[in-house]
Amino acid sequence: MAMHNAVMTLQLERADHDLRSVERKVSLPGWAVKVVTWSSAAFSAYQLGKMARKLSDRILDITELTRLVEEETRSEPIDNEGRIGRHLEESLDFAKIVHGKALNLRHLVIKNKRSLRLAEACDQLVAIAAEYHEAIARFSWAILEHDSNCAGRREGFSGNTQQDVLALLDRISAGE
Amino acid sequence: MSGKNVIERIDGGNSTFQRTYGALKPDILKEARTAIAMLLLVDVENPPGRLHLHSLKGKTVSSTLDPSKKIKVYTFHLTSNDAWKASFTLENGTAFLRACGPHDSIDSSP
């Protein structure tokens, strides 16, 4: 799994880079949308389409990584410290931001009665951001389920009444 | 109240569950704590709708009691905004909690 960890880290860094680049480009204020769409709607639509295709390539990479993790049979945890999990959580938050901003941009384009092609490009980016989020979440769960299969167990964290269960959960969150 | 589909005991001894539960942010943790406690006495074949509890189709994981066996895994929602969920196996009436993590779907109208 050591090799896969290196591949995972590299692919996630690439995915992050692409996602941040998309986020910068969809963060236009309303006045800028008017200017951009007035002067170069076709070019903007082309750029958004290009970004959506790049993100869709990343989705394929992450899907392949998920398959590798699901097929991994070794009994060592992949993410014992939770480092990859934290990275993936940031990627999920970012996918939500891109999704929201692409929706907002689409709304502005339609409100200003600008290019239909640009609105369609926004639609495509919204759909890709949602799929990206789904791919990252599935990857995250593949790692969690793998690690859970080979996780150690601690006795004394079991209960059959609500009070017992709440108490054991409080002990876990307190770091006992 | 007894039956192989009813949760009579909850076990949080899995170290991956403990790590991921302990890492939840305070606002999520508050809801997660309540959702997990609500699992008691739930029939997994007929669960209350608010938990969104279901088994993962086509997916099996190692049994806690006999790791050589593969058994069904269930998930349920930890938060009302459906952003977080948790997984568990059910063996002899005990729900063995496995992990907490993000939900797949993005909110389509944020």
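Not measured: the values here are computed from a predicted model. Chain naming here is simple, since letters A, B, ... match the order of the sequence lines and numbering starts at 1 in each.
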Taking all non-hydrogen atoms of both residues, which atom of [X] and which atom of [Y] are closest, and how far apart?
{"X": "Ile172(A)", "Y": "Phe17(B)", "answer": "CD1-CE2, 3.8 Å"}
{"X": "Ala151(A)", "Y": "Ser15(B)", "answer": "CB-OG, 3.4 Å"}
{"X": "Thr16(B)", "Y": "Leu144(A)", "answer": "CG2-O, 3.9 Å"}

Which of the residues Gly22(B), Pro67(B), Cys100(B) is involved in the greatest number of heavy-atom pairs with chain A at under 4.5 angstrom? Cys100(B)
Who among Leu39(B), Ile36(B), Thr34(B), Thr75(B) has the most heavy-atom pairs with chain A under 4.5 Å? Ile36(B)
Report whether [X] and [Y] are members of the same hydrophobic cluster (ILVMFWY, side-chain heavy atoms less than 4.5 Å apart, transitive linking).
{"X": "Ile84(A)", "Y": "Leu68(A)", "result": "yes"}
{"X": "Phe139(A)", "Y": "Val61(B)", "result": "no"}
{"X": "Ile59(A)", "Y": "Ile143(A)", "result": "yes"}
{"X": "Met38(B)", "Y": "Phe96(B)", "result": "no"}
{"X": "Val73(B)", "Y": "Val42(B)", "result": "no"}

Neighbour count >12 (heavy atoms, 6.0 Å) for atom CG, Asp66(B):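 Count over threshold, so yes.
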Sequence-distant partners of Phe88(B), ring-ring contact (aromatic ring centres under 6.0 Å, His included), two or more places apart: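 In terms of ring-ring contact (aromatic ring centres under 6.0 Å, His included), with neighbours along the sequence ignored, Phe88(B) is linked to Tyr74(B), Phe76(B).
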What salt bridge (Lys or Arg N to Asp or Glu O under 4.0 Å) pairs are there with at least one residue in residues 144-158 of chain A, not counting sequence neighbours?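 Matches after skipping sequence neighbours: Glu145(A)-Arg98(B), Arg153(A)-Asp11(B).
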What residue pairs, at least two apart or across chains, pass salt bridge (Lys or Arg N to Asp or Glu O under 4.0 Å) with a residue in residues 69-84 of chain B? Glu45(B)-Lys72(B)
Straight-line distance of Leu166(A) CG to Ile10(B) CD1, nearest 0.5 Å: 9.0 Å
Between CD of Gln18(B) and OG of Ser173(A), what distance do you get to the nearest 0.5 Å? 10.5 Å
So what's closer than 4.5 Å to chain A heavy atoms on [X]: side chain, backbone, both or neither?
{"X": "Leu40(B)", "value": "side chain"}
{"X": "Lys59(B)", "value": "side chain"}
{"X": "Thr89(B)", "value": "neither"}

What part of [X] gets within 4.5 angstrom of chain B, counting heavy atoms only: side chain, backbone, both, or neither?
{"X": "Ser140(A)", "result": "side chain"}
{"X": "Glu131(A)", "result": "neither"}
{"X": "Asp170(A)", "result": "side chain"}
{"X": "Leu168(A)", "result": "side chain"}

Okay, side chain of [X], backbone of [Y]: is any donor-acceptor separation there less than 3.5 Å?
{"X": "Asn149(A)", "Y": "Ser62(B)", "result": "yes"}
{"X": "Gln162(A)", "Y": "Ala37(B)", "result": "yes"}
{"X": "Trp141(A)", "Y": "Pro102(B)", "result": "yes"}
{"X": "Asn14(B)", "Y": "Ser148(A)", "result": "yes"}

For chain B, which candidate among Glu81(A), Arg138(A), His133(A) shows the most heavy-atom pairs at distances under 4.5 Å?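 Counting heavy-atom pairs under 4.5 Å, the top option is His133(A).
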Report the option among Gly82(A), Cys150(A), Gly159(A), Ala129(A) that has the most heavy-atom pairs separated by less than 4.5 Å from atoms of chain B. Gly159(A)
Can you pull out the residues in residues 48-57 of chain B with any heavy atom less than 4.5 Å from chain A?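 From residues 48-57 of chain B, none sit under 4.5 Å of chain A.
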Would you check if Leu169(A) and Arg33(B) make a side-chain contact, meaning some heavy-atom pair closer than 4.5 Å?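 Yes, side chains in contact.
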